[in-house]
Amino acid sequence: MRVFKSIGEWQAVRAGPDFSGRTVGFVPTMGALHAGHRALLARARAENDLVVLSIFVNPTQFNDPKDLNVYPRTLEADIALSEGLVDFVLTPPANELYVDDYHYRVTETDLSLRWEGAHRPGHFDGVLTVVLKLLNLVQANRAYFGEKDWQQLQLVRGMAQAFFLPVEIVTCSTERAADGLALSSRNARLSPVGRVQATAFSRILRESPSAAAAVPLLEAAGFGVDYVADHENIRLGAVRLEGVRLIDNVRL
Ligand code: PAF
(Lines give C-alpha, C1' and ligand atoms only; values in the text may rest on other atoms or scores of the structure.)
Protein backbone atom coordinates (compact mmCIF):
# COMPACT_ATOMS: atom_id res chain seq x y z
CA MET A 1 0.00 0.00 0.00
CA ARG A 2 1.39 3.41 -0.92
CA VAL A 3 0.26 6.56 0.87
CA PHE A 4 0.28 9.91 -0.97
CA LYS A 5 0.07 13.27 0.76
CA SER A 6 1.15 15.37 -2.20
CA ILE A 7 -1.29 15.77 -5.09
CA GLY A 8 1.58 16.33 -7.52
CA GLU A 9 3.28 13.06 -6.56
CA TRP A 10 -0.02 11.21 -6.81
CA GLN A 11 -0.73 12.61 -10.30
CA ALA A 12 2.70 11.52 -11.54
CA VAL A 13 2.07 7.93 -10.35
CA ARG A 14 -1.52 7.91 -11.66
CA ALA A 15 -0.24 8.79 -15.13
CA GLY A 16 2.52 6.14 -14.96
CA PRO A 17 2.85 2.44 -15.77
CA ASP A 18 1.31 1.11 -12.50
CA PHE A 19 -2.14 2.05 -13.79
CA SER A 20 -1.70 1.20 -17.44
CA GLY A 21 -4.48 -1.09 -18.70
CA ARG A 22 -5.86 -1.70 -15.20
CA THR A 23 -9.31 -0.96 -13.80
CA VAL A 24 -9.53 1.31 -10.78
CA GLY A 25 -12.06 1.26 -7.92
CA PHE A 26 -12.27 4.32 -5.68
CA VAL A 27 -13.63 4.70 -2.14
CA PRO A 28 -13.71 8.33 -0.93
CA THR A 29 -13.86 8.70 2.87
CA MET A 30 -13.25 11.15 5.68
CA GLY A 31 -11.38 8.48 7.64
CA ALA A 32 -12.41 7.05 11.03
CA LEU A 33 -12.94 3.88 9.05
CA HIS A 34 -15.28 1.17 10.33
CA ALA A 35 -16.80 -2.08 9.04
CA GLY A 36 -19.09 -0.08 6.71
CA HIS A 37 -16.05 1.37 4.91
CA ARG A 38 -14.44 -2.06 4.89
CA ALA A 39 -17.46 -3.41 3.01
CA LEU A 40 -17.05 -0.65 0.37
CA LEU A 41 -13.34 -1.44 0.08
CA ALA A 42 -13.96 -5.20 -0.16
CA ARG A 43 -16.44 -4.64 -2.99
CA ALA A 44 -14.01 -2.31 -4.78
CA ARG A 45 -11.28 -4.94 -4.32
CA ALA A 46 -13.49 -7.68 -5.82
CA GLU A 47 -14.53 -5.62 -8.86
CA ASN A 48 -11.30 -3.84 -9.89
CA ASP A 49 -7.61 -4.48 -10.50
CA LEU A 50 -6.54 -1.59 -8.25
CA VAL A 51 -8.20 0.12 -5.29
CA VAL A 52 -7.69 3.74 -4.27
CA LEU A 53 -8.87 5.04 -0.87
CA SER A 54 -9.00 8.74 -0.09
CA ILE A 55 -8.99 10.01 3.50
CA PHE A 56 -9.79 13.70 3.70
CA VAL A 57 -11.85 15.44 6.39
CA ASN A 58 -13.49 17.91 4.06
CA PRO A 59 -13.91 21.28 5.82
CA THR A 60 -16.36 22.69 3.24
CA GLN A 61 -19.08 20.14 4.05
CA PHE A 62 -19.16 20.97 7.77
CA ASN A 63 -21.65 23.76 8.33
CA ASP A 64 -20.91 23.53 12.08
CA PRO A 65 -17.24 24.26 12.98
CA LYS A 66 -17.67 22.36 16.28
CA ASP A 67 -18.61 19.22 14.34
CA LEU A 68 -15.47 19.63 12.18
CA ASN A 69 -13.26 20.04 15.26
CA VAL A 70 -14.51 16.89 17.00
CA TYR A 71 -14.56 14.73 13.86
CA PRO A 72 -12.31 11.73 14.66
CA ARG A 73 -8.92 11.64 12.92
CA THR A 74 -7.41 8.15 13.12
CA LEU A 75 -5.04 7.85 10.15
CA GLU A 76 -2.83 5.05 11.56
CA ALA A 77 -5.83 2.88 12.49
CA ASP A 78 -7.46 3.65 9.11
CA ILE A 79 -4.40 2.46 7.25
CA ALA A 80 -4.29 -0.70 9.40
CA LEU A 81 -7.98 -1.40 8.72
CA SER A 82 -7.56 -1.05 4.96
CA GLU A 83 -4.47 -3.30 4.80
CA GLY A 84 -4.88 -5.94 2.14
CA LEU A 85 -7.83 -4.18 0.50
CA VAL A 86 -6.20 -1.00 -0.78
CA ASP A 87 -3.28 -0.29 -3.14
CA PHE A 88 -3.12 3.51 -2.87
CA VAL A 89 -4.19 5.93 -0.14
CA LEU A 90 -4.63 9.60 -0.92
CA THR A 91 -4.56 12.04 2.04
CA PRO A 92 -4.08 15.46 0.48
CA PRO A 93 -3.67 18.59 2.61
CA ALA A 94 -6.61 21.01 2.44
CA ASN A 95 -4.56 23.83 0.91
CA GLU A 96 -3.62 21.59 -2.03
CA LEU A 97 -7.11 20.20 -2.62
CA TYR A 98 -8.61 23.69 -2.25
CA VAL A 99 -5.93 25.46 -4.26
CA ASP A 100 -8.77 27.81 -5.38
CA ASP A 101 -9.77 28.64 -1.76
CA TYR A 102 -13.19 27.14 -2.56
CA HIS A 103 -14.00 29.94 -5.00
CA TYR A 104 -15.12 27.29 -7.45
CA ARG A 105 -17.85 24.96 -6.28
CA VAL A 106 -20.58 22.61 -7.49
CA THR A 107 -24.10 23.68 -6.53
CA GLU A 108 -27.17 21.53 -7.05
CA THR A 109 -30.35 23.55 -6.71
CA ASP A 110 -33.15 21.07 -5.98
CA LEU A 111 -32.59 17.84 -4.02
CA SER A 112 -29.63 19.35 -2.17
CA LEU A 113 -31.90 21.89 -0.47
CA ARG A 114 -34.20 19.33 1.12
CA TRP A 115 -33.86 17.27 4.36
CA GLU A 116 -30.12 17.08 5.10
CA GLY A 117 -29.53 20.17 2.98
CA ALA A 118 -32.23 22.16 4.78
CA HIS A 119 -30.60 21.39 8.15
CA ARG A 120 -27.01 21.78 6.95
CA PRO A 121 -26.83 24.80 4.62
CA GLY A 122 -24.00 24.45 2.11
CA HIS A 123 -23.27 20.85 3.11
CA PHE A 124 -23.93 19.31 -0.29
CA ASP A 125 -22.02 22.05 -2.15
CA GLY A 126 -19.02 20.97 -0.10
CA VAL A 127 -19.65 17.26 -0.68
CA LEU A 128 -20.19 17.58 -4.46
CA THR A 129 -17.21 19.89 -4.90
CA VAL A 130 -14.78 17.62 -3.05
CA VAL A 131 -16.13 14.49 -4.75
CA LEU A 132 -15.66 16.10 -8.17
CA LYS A 133 -12.08 17.09 -7.29
CA LEU A 134 -11.30 13.58 -6.02
CA LEU A 135 -12.94 11.85 -9.00
CA ASN A 136 -10.86 13.99 -11.34
CA LEU A 137 -7.67 13.14 -9.44
CA VAL A 138 -8.32 9.42 -9.15
CA GLN A 139 -9.87 8.79 -12.60
CA ALA A 140 -11.55 5.63 -11.36
CA ASN A 141 -13.68 3.28 -13.40
CA ARG A 142 -15.97 2.81 -10.41
CA ALA A 143 -16.58 4.84 -7.24
CA TYR A 144 -18.32 3.31 -4.22
CA PHE A 145 -20.85 5.09 -1.97
CA GLY A 146 -22.94 3.78 0.93
CA GLU A 147 -26.74 3.99 0.96
CA LYS A 148 -26.75 5.30 4.53
CA ASP A 149 -26.02 8.73 3.05
CA TRP A 150 -28.93 8.35 0.64
CA GLN A 151 -29.17 12.00 -0.40
CA GLN A 152 -25.42 12.21 -0.94
CA LEU A 153 -25.55 9.11 -3.12
CA GLN A 154 -28.39 10.51 -5.29
CA LEU A 155 -26.60 13.85 -5.65
CA VAL A 156 -23.26 12.29 -6.59
CA ARG A 157 -25.02 10.07 -9.12
CA GLY A 158 -26.87 13.10 -10.50
CA MET A 159 -23.63 15.09 -10.77
CA ALA A 160 -21.92 12.23 -12.62
CA GLN A 161 -24.81 12.20 -15.11
CA ALA A 162 -25.07 15.97 -15.43
CA PHE A 163 -21.36 16.41 -16.16
CA PHE A 164 -20.86 13.16 -18.12
CA LEU A 165 -18.22 11.99 -15.66
CA PRO A 166 -16.55 8.82 -16.98
CA VAL A 167 -17.13 6.83 -13.79
CA GLU A 168 -19.70 4.30 -12.63
CA ILE A 169 -21.23 5.25 -9.27
CA VAL A 170 -21.76 2.00 -7.34
CA THR A 171 -24.35 1.81 -4.54
CA CYS A 172 -23.50 -0.29 -1.48
CA SER A 173 -26.19 -1.17 1.04
CA THR A 174 -25.99 0.16 4.60
CA GLU A 175 -23.94 -1.90 7.03
CA ARG A 176 -25.62 -2.23 10.43
CA ALA A 177 -24.62 -3.40 13.89
CA ALA A 178 -26.41 -6.54 15.10
CA ASP A 179 -28.93 -4.31 16.93
CA GLY A 180 -29.80 -2.41 13.74
CA LEU A 181 -27.87 0.85 14.22
CA ALA A 182 -26.35 1.99 10.91
CA LEU A 183 -22.56 2.04 11.16
CA SER A 184 -21.17 5.58 11.27
CA SER A 185 -17.97 7.21 12.43
CA ARG A 186 -20.16 9.37 14.69
CA ASN A 187 -21.43 6.36 16.70
CA ALA A 188 -18.08 6.29 18.53
CA ARG A 189 -19.01 9.59 20.21
CA LEU A 190 -22.05 8.09 21.99
CA SER A 191 -21.77 7.02 25.64
CA PRO A 192 -22.50 3.33 26.38
CA VAL A 193 -26.02 4.34 27.47
CA GLY A 194 -26.52 6.49 24.35
CA ARG A 195 -25.30 3.67 22.17
CA VAL A 196 -28.06 1.41 23.53
CA GLN A 197 -30.66 4.19 23.19
CA ALA A 198 -29.59 4.77 19.57
CA THR A 199 -30.90 1.32 18.61
CA ALA A 200 -34.43 2.72 18.70
CA PHE A 201 -33.71 5.06 15.75
CA SER A 202 -33.78 2.54 12.90
CA ARG A 203 -36.45 0.45 14.62
CA ILE A 204 -38.86 3.40 14.88
CA LEU A 205 -38.12 4.50 11.30
CA ARG A 206 -38.94 0.98 10.12
CA GLU A 207 -41.97 0.27 12.30
CA SER A 208 -43.75 3.61 12.41
CA PRO A 209 -46.95 3.71 10.28
CA SER A 210 -46.00 7.11 8.80
CA ALA A 211 -43.20 9.67 8.79
CA ALA A 212 -45.30 12.05 10.90
CA ALA A 213 -46.04 9.32 13.47
CA ALA A 214 -42.31 8.56 13.82
CA VAL A 215 -41.51 12.03 15.20
CA PRO A 216 -43.27 11.77 18.61
CA LEU A 217 -42.09 8.15 18.95
CA LEU A 218 -38.47 9.26 18.43
CA GLU A 219 -38.91 12.18 20.83
CA ALA A 220 -40.32 9.83 23.49
CA ALA A 221 -37.26 7.61 22.99
CA GLY A 222 -35.01 10.58 23.85
CA PHE A 223 -34.00 11.89 20.41
CA GLY A 224 -34.10 15.44 19.13
CA VAL A 225 -35.64 15.12 15.67
CA ASP A 226 -34.35 17.15 12.70
CA TYR A 227 -36.66 15.50 10.17
CA VAL A 228 -38.40 12.31 9.15
CA ALA A 229 -39.66 12.18 5.56
CA ASP A 230 -41.02 9.59 3.15
CA HIS A 231 -39.74 9.87 -0.41
CA GLU A 232 -39.93 7.36 -3.27
CA ASN A 233 -40.44 4.33 -0.99
CA ILE A 234 -37.64 5.40 1.34
CA ARG A 235 -38.07 6.84 4.83
CA LEU A 236 -35.26 9.26 5.65
CA GLY A 237 -34.48 10.55 9.11
CA ALA A 238 -31.99 12.61 11.10
CA VAL A 239 -31.89 12.82 14.89
CA ARG A 240 -29.66 14.14 17.64
CA LEU A 241 -28.63 12.18 20.73
CA GLU A 242 -26.05 13.32 23.31
CA GLY A 243 -25.01 16.07 20.88
CA VAL A 244 -24.30 13.48 18.16
CA ARG A 245 -26.21 13.74 14.89
CA LEU A 246 -27.33 10.42 13.40
CA ILE A 247 -28.90 9.87 9.97
CA ASP A 248 -30.46 6.75 8.52
CA ASN A 249 -32.97 5.58 5.94
CA VAL A 250 -35.06 2.46 5.48
CA ARG A 251 -37.01 1.01 2.57
CA LEU A 252 -40.79 1.12 3.08
O1 PAF B 1 -19.45 10.21 2.88
C2 PAF B 1 -18.37 10.78 3.18
O3 PAF B 1 -17.57 10.29 3.97
C4 PAF B 1 -18.05 12.14 2.58
O5 PAF B 1 -19.20 12.90 2.44
C6 PAF B 1 -17.28 12.06 1.25
C7 PAF B 1 -18.11 11.38 0.17
C8 PAF B 1 -15.99 11.30 1.47
C9 PAF B 1 -16.93 13.47 0.76
O10 PAF B 1 -16.14 14.15 1.68
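Everything numeric here is computed off the predicted structure, so don't read it as measured data. Every number for a ligand or one of its atoms is a count from 1 in the order of the listing.
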Open item on the list: As a check for students: among Lys148, Gln152, Gln61, identify the option with a heavy atom nearest to atom 10 (O) of ligand 1.
Closed with: Gln61
Open item on the list: Would you say Asp125 and Thr107 are linked by a side-chain donor-acceptor pair, where the criterion is simply a distance under 3.5 Å?
Closed with: yes
TODO: Please work out whether any backbone atom (N, CA, C, O) or any side-chain heavy atom from C-beta onward of Val156 is under 4.0 Å from ligand 1, and answer side chain, backbone, both or neither.
DONE: neither
Task: Pair Phe26 + Phe88: ring centers closer than 6.0 Å - done: no
Open item on the list: Between Glu96 and Ser6, is there a side-chain donor-acceptor contact under 3.5 Å, judged purely by atom types and distance?
Closed with: no
Open item on the list: Does either side chain, that of Tyr98 or that of Asn58, offer a donor lying less than 3.5 Å from an acceptor on the other one?
Closed with: yes
Open item on the list: Give the atom numbers and elements of ligand 1 that come within less than 4.0 Å of a heavy atom of Val130.
Closed with: 9 (C), 10 (O)
